[in-house]
Protein chains: 2
Amino acid sequence: MAKGVVPHMLHAVSHYLDPFLDKIEVRDKLTDDEKAALRALPQKLVRTAARSRIVEEGERPTHACMVLEGLVYRSKVAADGRRQIISFHVPGDMVDLHTVLFKVADHTIETVRNAAIVLVPHAAVLKTAEEVPALARAFWYDTLLDASIQREALLNVGRRDARTRTAHLFCELAVRLKRVGLVNGGSFELPLTQTDLADALGVTPIHTNRVLAKFREQGLLTFSGRSVTIPDWKALAALGEFDPTYLHLEGPSDLHL
Amino acid sequence: MAKGVVPHMLHAVSHYLDPFLDKIEVRDKLTDDEKAALRALPQKLVRTAARSRIVEEGERPTHACMVLEGLVYRSKVAADGRRQIISFHVPGDMVDLHTVLFKVADHTIETVRNAAIVLVPHAAVLKTAEEVPALARAFWYDTLLDASIQREALLNVGRRDARTRTAHLFCELAVRLKRVGLVNGGSFELPLTQTDLADALGVTPIHTNRVLAKFREQGLLTFSGRSVTIPDWKALAALGEFDPTYLHLEGPSDLHL
DNA sequence: CGGTTATTTGACTACGATCAAAAATAGTGG
DNA sequence: CCACTATTTTTGATCGTAGTCAAATAACCG
C-alpha cells in the first residue's frame, strides 16, 4: 500500500464485498467478527470492458466473484449456437460461487458493458465457510436464491407466452435493481440489446422487438437511450403475472416503484 | 424401539440417509465422525401414495426431505393453471433443502407414485451444518447441483426444439437413475404420464405424444408398461445434444447404458 | 463522418397449440 | 374375475404464435 494513503481511503478499498454484506444483512444480522471475516477475504477488483467473459463454460476457474458495478449474465449455448441467458446479476450478487465446489464451470458468465468484479480465491471462500458458519450459510443462501430465480425463469419460458414473459422479466429486473438503489422513480439503466432480452426470454430478437413496440405503444414501457421507465407498475406486473415471492425478499418490500 | 429388534435391523432402519451419504462420498470422502453426524440427524420415514404433495408453494415447511424410494418432481404453476415441472428427483436426492433457509416454499414438490421420503427437521439440518462443515458443504453441493440441472432445463426449454428436448430429458433421467442403480441394461421404470413429460418439456401432451410415437417408430425409445428402454444410447444422446458435464459427475461415468 | 451494430418493418412459413373425439389402458368395486 | 369408470394415449383437422428470411432505417462509436 502506497505511503500516504489515508486510513479512510484504505478502509474504503478493502471493503469491496460490502454490497454482498448488505444483501446478507437484510435477512440475517452478522456479528462484527463475522463481518470482519468476510471483509478479510483476499479480494481483487477487476474492471472489465463491455462484453467481457468472466467465466467460460468448460473452464476451471480459481476464483469466486461478485458483481460490484454493472450488469452481468449467465448463459449456456445449444449445439446450433443458439444462446440461452439463464439469469442477470446486479451489484451485490455473488455471481460465481458455483465453481467453488464444482471443478468445471457449466455455464458462461459475461458482463453487459464495463463492470467492476470482485474476485476471491476459491480456497479462501472454502476456508472461511468452514470457519464461519454464518458466512457458509450466507453463501449457501445466495446460491439458493439463484436457483429460485432460475426456477421462475423456467416457468416463464416454459409456460408463459412472449408478452407475459417479457413483462415478467422487466418486473424482476426492476425489483432487483431497486433493491440495490439503481431505480429512480420507475426508471433504470438497462444496457441490454433486444437480442440479449430475446436470449433470456427464449424467443427471437425480431419477436422481442415486436413485443416491445407494442408495450411502448400501450404505455407499458418507455425507452430513452439505455434507460427504461415503467410508467404503470401495476399494469406491467399484472400482465407479467409478477409475484415476487420467489425473490424471497424480506423486510419491507415496496413493490410499486 | 421394540424389544427384541436385532442389532442388524436396528442398524438398517436408522440409516435412511445413507443414499445421500453415498452420493456425497462419490466426490468427497467423509470421516467416520462426519458420517455419524449425518446419521444422527433426527429423521422420519414417510411412505406416500401416488401424487402426494410433499411441499406446497406458499407453505412454510418445518422439515427438509430426501427421496429414499420413488420418483419426485418440483413444479410451479402459471396464472392460467399451466404447470411447469422444474426437475425430477431420484433416490438419494435432497429434494427439499431450500426451505431450510427460505421461510416460504417457492414451488411445489410431489411424488409421481408411492414413494418413501425421509424428513429431517430444519433446525437439526442447520445445527449440523454449523457444527460439521463437511456436511454444510455437502448440503450446499446438492443444491448447487439442482441449480445446474435447472440451468440445463432452461436451455432445453428455451433453445431446443421439442424432439431435442425430449431426447435430452430421457438421457438425463437415464443417467441419474443409473447412478443409483435403477437402470438394467438400458431399461428403467418411468411412471410418468405423457402429461408429466409435457409439463417438464414446456409443450402440450398432444405434441409429446407425437414426438414419442416418432421416437418409437425410429427405434430411439421402447416402452412396455411403465418401463422405458433406450436401445441406442449414442443415437438418443446425439439427438438430445446430451453432454453430461452439467451433472458434474465425478469418478468413472460410463455413459452408454 | 464512415463503418458497424442494433432496431424496425414486411412477407411468408412452420412448429407446436388448440379443439374434438376415439381407442386403449389402468383402476375400482361388486 | 369381470364389468364399469376414469384416466391416459392416440389420431385427425385446423389455427396461431412465433420463427425465418430479407432488407431498410436508425443508433452508436471510433
Side-chain angles (χ1 to χ4, degrees), chain A residues 49-52 71 78 80-85 110-114 156-169 189-218 221-228 239, chain B residues 49-52 71 78 80-85 110 112-114 156-170 189-218 221-228 239:
Chain A
R51 307 290 168 178
S52 295
L71 190 59
D80 62 358
R82 303 203 305 173
R83 176 180 70 156
Q84 177 67 43
I85 290 183
E110 285 171 345
T111 64
V112 175
R113 54 179 183 183
N114 55 316
N156 214 24
V157 170
R159 288 298 186 218
R160 292 184 180 127
D161 65 21
R163 278 174 66 78
T164 311
R165 279 183 222 184
T166 307
H168 190 282
L169 179 57
E189 294 297 307
L190 197 70
L192 298 172
T193 65
Q194 291 183 2
T195 299
D196 292 331
L197 289 168
D199 286 349
L201 295 167
V203 294
T204 56
I206 292 102
H207 197 63
T208 300
N209 180 268
R210 287 176 174 138
V211 169
L212 292 179
K214 199 99 185 213
F215 278 10
R216 209 166 349 182
E217 188 183 296
Q218 297 178 324
L221 286 179
T222 309
F223 300 88
S224 75
R226 287 304 179 196
S227 164
V228 189
L239 176 58
Chain B
R51 306 291 167 177
S52 295
L71 191 60
D80 63 357
R82 302 203 306 174
R83 175 181 69 156
Q84 178 67 44
I85 290 184
E110 285 171 343
V112 176
R113 53 178 182 183
N114 54 315
N156 214 25
V157 170
R159 287 300 187 216
R160 292 187 180 125
D161 66 20
R163 280 173 64 76
T164 310
R165 279 182 220 185
T166 307
H168 190 283
L169 179 57
F170 276 91
E189 293 297 309
L190 197 71
L192 299 171
T193 65
Q194 291 183 1
T195 299
D196 292 329
L197 289 168
D199 287 350
L201 296 167
V203 294
T204 56
I206 292 100
H207 197 64
T208 300
N209 180 269
R210 288 177 175 139
V211 169
L212 292 179
K214 198 99 185 210
F215 279 10
R216 211 167 347 183
E217 189 183 294
Q218 298 178 321
L221 286 178
T222 308
F223 300 89
S224 75
R226 287 301 177 197
S227 166
V228 190
L239 176 57

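Put simply, CG on A:Leu192 and CD1 on A:Ile85 are 7.0 Å apart, with the number rounded to the nearest 0.5 Å. Note that OG1 of B:Thr164 is 8.5 Å distant from CG of A:Asp80, once rounded to the nearest 0.5 Å. Between the CZ atom of A:Arg113 and the CD atom of A:Glu189 there is a distance of 6.0 Å, given to the nearest 0.5 Å. For the atom pair A:Leu201 CG and A:Arg163 CZ, the distance stands at 13.0 Å (nearest 0.5 Å).
Atom NZ of A:Lys214 is separated from atom C1' of D:dA18 by 14 Å (rounded to the nearest Å). Put simply, CZ on A:Arg160 is 19 Å from C1' on C:dA17, counting in whole angstrom units. Distance, A:His207 NE2 to C:dT8 C1': 15 Å, rounded to whole Å. Separating the CG atom of B:Asp80 from the P atom of C:dT18 is a distance of 9 Å, rounded to the nearest angstrom. Summarising the geometry, the separation between CZ on B:Phe215 and P on D:dT9 is reported as 16 Å, rounded to the nearest angstrom. Look at CZ on A:Phe223: it is 14 Å from C1' on C:dA6, rounded to the nearest Å. Rounding to whole angstrom units, CZ of residue B:Arg159 and C1' of D:dA18 are separated by 11 Å. Nucleotide D:dT8 holds its P atom 12 Å from the CG atom of B:Asp199, rounded to whole Å.
Partner of A:Thr166 under the side-chain contact (heavy atoms from CB on, under 4.5 Å) criterion, chosen from A:Leu212, A:Leu221, A:Thr208: A:Leu212. Under the side-chain contact (heavy atoms from CB on, under 4.5 Å) test applied with A:Pro191, the options A:Leu71, A:Asn114, A:Thr111 reduce to a single match, A:Leu71.
In this structure, A:Asp196 pairs ionically with A:Arg51, as a charged nitrogen and a carboxylate oxygen lie closer than 4.0 Å. A:Asp199 has a carboxylate O that lies under 4.0 Å from a charged side-chain N of B:Arg159, or vice versa, which qualifies the two as a salt bridge.
Toward the 5' end of DNA chain D, the nearer of the two residues B:Leu192 and A:Arg163, judged by each one's closest nucleotide, is B:Leu192.
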Next on the checklist: For a quick check, with a 4.0 angstrom heavy-atom cut-off, what is the B/S/- contact string for nucleotides 10-15 of chain D, read 5' to 3'?
Outcome noted: BBBB--
Checklist outcome for this item: Readout for nucleotides 24-30 of chain D: B = base within 4.0 Å of protein heavy atom, S = sugar-phosphate only, - = neither; 5' to 3' it is -------
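Close to C:dA17, at under 4.0 Å from its OP1 or OP2, lies a side-chain N or O of B:Thr204.
The minimum heavy-atom distance between A:Arg165 and A:Val203, with the atom names listed, is NH1-CG1, 3.6 Å.
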